[in-house]
Structure formats: structure tokens, C-alpha cells
2 protein chains.
Amino acid sequence: MDSVFLALGHQTRRKILDIVKSMPGCSVADVVKYFDDISRIAVMKHLDVLEAADLIVSRKQGRRRELFFNAVPIQMIYDRWTTEYSRFWASRALDLKYLLENPSESAET
Amino acid sequence: MDSVFLALGHQTRRKILDIVKSMPGCSVADVVKYFDDISRIAVMKHLDVLEAADLIVSRKQGRRRELFFNAVPIQMIYDRWTTEYSRFWASRALDLKYLLENPSESAET
DNA sequence: TCCATATGTAACCAATACGTTACATATCGA
DNA sequence: TCGATATGTAACGTATTGGTTACATATGGA
């Protein structure tokens with residue numbers, strides 16, 4: 001769980017995930033082409049993070065490594081949202097409403 | 001976006017979020033009570049991270065600081081899942097299925 | 001008024017994150 | 001076969017993170 005959130009908490013990695021998602025089986029080099037502002041090694045490190053978080057699955061095909069998006073961890077988090085927070089919207093999303101309708105005398109910092 | 005994921009990518013912070021969510025208006029000290037393995041200052045630092053990510057909103061009430069859970073950033077991410085990935089389940093979640101049904105000759109590393 | 005309570009800030013440290021360059025290894029294809 | 005291509009590893013440096021202790025400030029209430 002930590003690793004999935006942490007992996008997603010970096011814009012480059014989310015972009016990588018989008019690329020792999022839209023090009024199943026693409027290679028590392030295919031991904032690297034989309035980044036001219038960071039090195040190949042940096043991209044690979046990001047891929048390592050995504051793979052450690054199971055967001056990407058890879059397999060070696062000769063000298064190429066094929067990358068695949070793994071929807072499962074995101075599905076798990078998505079499921080957690082719906083069970084943990086969905087009923088929350090109705091009953092508890094009033095916190096902020098309460099705040100806004102009951103301004104305190106001291107300014108909010 | 002980065003900040004929300006990063007904030008959630010740490011177990012202590014998710015626990016803090018749960019506490020604040022279940023006790024709207026609770027104080028810093030209320031939260032600190034649930035953690036005997038880390039210091040008050042560490043807890044406050046985590047609160048800073050959650051507040052910077054807008055996951056928590058606070059206001060000073062005299063010598064107390066009241067903490068409120070803010071559902072909006074999570075709602076935004078939740079909405080992103082549904083638009084970005086929901087149709088993905090049906091059409092693209094076959095990536096792994098493809099992998100498992102077409103083992104390559106070289107072992108997956 | 002003054003002690004208790006609640007929070008805040010600063011400094012420090014070790015570990016981690018994220019980038020880099022250099023070098024190495026494996027596979028492909030002409 | 002050999003150069004090209006693709007990937008991998010190691011080492012390094014800087015910035016950030018997540019914890020700590022020490023000290024400071026503000027408010028509450030007896």
C-alpha cells in the first residue's frame with residue numbers, strides 16, 4: 001500500500017505508467033524516448049519503483065524487456081476507496097461545511 | 001496530486017488521517033495520544049504533510065488546534081480513477097492475462 | 001498571578017530519494 | 001563475426017524525509 005501511493009506520488013512515474021498502459025509490451029527504450037529531460041538510468045530507476053509496487057510487470061524478451069501495466073494494485077486501492085470512503089461523502093464530508101459556516105474568532109492558519 | 005499520494009504513502013499518516021476523520025475537530029494532542037512509538041514532534045511533522053496536501057484543514061482555537069479531515073483531494077483522485085481507469089478494467093486489464101497465457105521462453109525476472 | 005497545558009520552532013542526524021556519469025553485459029542482425 | 005543495440009550495475013552527489021532533543025511561546029484555569 002505504501003509503495004503504490006509513493007510510486008504514484010511522482011509525476012514522472014505517473015507519466016511512465018500512462019505510457020506503459022497505452023503501449024502494452026513496450027520496451028524500456030520505448031519509454032525512455034518520451035523523456036529528454038532525464039537520463040535513461042533515471043527512467044529505469046522509476047521503472048524499478050513502479051515494478052516494486054507491482055504497478056508494472058516486466059519480462060525479458062531477448063535483449064528487450066517488455067513492460068506491462070498491472071491494474072491490480074490500483075484496483076485494490078479503488079476498492080478501498082469505495083468501501084472506506086464512499087459512505088463517508090454523505091455523512092462526514094460536512095466537516096468543511098461546518099468550518100466554513102462557523103468561523104472561529106481566531107483566523108485560520 | 002504528488003503531495004496527496006506522497007502523504008498517503010506512509011502508514012503513520014494514513015493512521016492519522018483515519019483518526020482525524022473519525023474525530024472531527026480533535027486537537028493535535030488527541031492525535032498524539034495514539035502514538036507512543038514516535039514523538040509529538042514527529043506526529044506534528046506528519047500533520048504538516050497532510051495539511052500541505054490539503055488532506056487536513058486546521059484552525060487555532062485558543063491554545064488548541066482543531067483538525068478536520070478534508071475529503072476533497074481524495075474525492076478528486078477518486079474521480080480521476082473513475083474517468084481515467086474505469087473503462088480500462090474492461091479493455092486493458094487483459095495485459096496480465098496475456099502474459100500469463102503466453103509465457104516467454106526466458107524466465108520473467 | 002502563576003503553574004499547567006498545548007502548541008510551535010530550531011537544530012541535528014541517519015536514511016532515503018532522485019538525479020548523474022562510467023562501465024559492463026547480453027542480444028541482435030548485417 | 002563484430003559492431004550496434006538494449007539493458008544492467010556501481011558509484012557518486014545533492015536534496016529531502018522522518019525521526020530526535022531542546023527550547024520557546026501562547027493560552028487556560030485554579
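Residue numbers start from 1 in every chain, and the chains themselves are labelled A, B, ... in the order their sequence lines are given, proteins ahead of strands.
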Query raised in the report: Any side-chain N or O of R64(A) under 4.0 Å from OP1/OP2 of dA26(C)?
Result: no

Query - Protein-nucleotide distance (D48(B), atom CG; dG18(D), atom P), rounded to Å - result: 12 Å

Query raised in the report: Among dG19(C), dG8(C), dT27(C), which is the nearest nucleotide to the side chain of R63(A)?
Result: dT27(C)

Requested in this report: Determine the contact category for S27(A): base if any of its heavy atoms lies under 4.0 Å from a base atom, sugar-phosphate if only primed atoms, P, OP1 or OP2 are that close, otherwise nothing.
Outcome: sugar-phosphate

Query raised in the report: Who are the side chain to side chain contact (heavy atoms under 4.5 Å, CB included) partners of V43(B), not counting sequence neighbours?
Result: I16(B), V31(B), V32(B), F35(B), I38(B), L47(B)

Query - Which residue lies more 5' along DNA chain C, comparing V28(B) with L6(B) via nearest heavy atoms - result: V28(B)

Report task. Whole angstrom is fine here: how far is it from CZ in R65(B) over to P in dT5(C)? Result -> 21 Å

Query raised in the report: So which of I56(A), D18(A), V49(A) actually passes side chain to side chain contact (heavy atoms under 4.5 Å, CB included) with R13(A)?
Result: V49(A)

Query raised in the report: Going by heavy atoms closer than 4.0 Å, what residues in residues 31-44 of chain B are next to DNA chain C?
Result: R40(B), I41(B), M44(B)

Query raised in the report: According to the salt bridge (Lys or Arg N to Asp or Glu O under 4.0 Å) rule, which pairs have a member within residues 27-38 of chain A, sequence neighbours left out?
Result: D30(A)-K33(A), D30(A)-R64(A)

Query raised in the report: Between E66(A) and S27(A), is any side-chain donor less than 3.5 angstrom from a side-chain acceptor?
Result: no

Report task. Find the distance L47(A):CG to dA6(D):P and express it as a whole number of Å. Result -> 15 Å

**Report entry** Any side-chain heavy-atom pair of L55(A) and N70(A) under 4.5 Å
**Finding:** no

Query raised in the report: When the distance from NZ of K15(A) to C1' of dC18(C) is rounded to whole Å, what number comes out?
Result: 17 Å

Requested in this report: Answer yes or no: is there a side-chain heavy-atom contact under 4.5 Å between L17(B) and F69(B)?
Outcome: yes

Requested in this report: Report yes if a side-chain nitrogen or oxygen of H10(A) is closer than 4.0 Å to either non-bridging phosphate oxygen (OP1 or OP2) of dG19(C); otherwise report no.
Outcome: yes

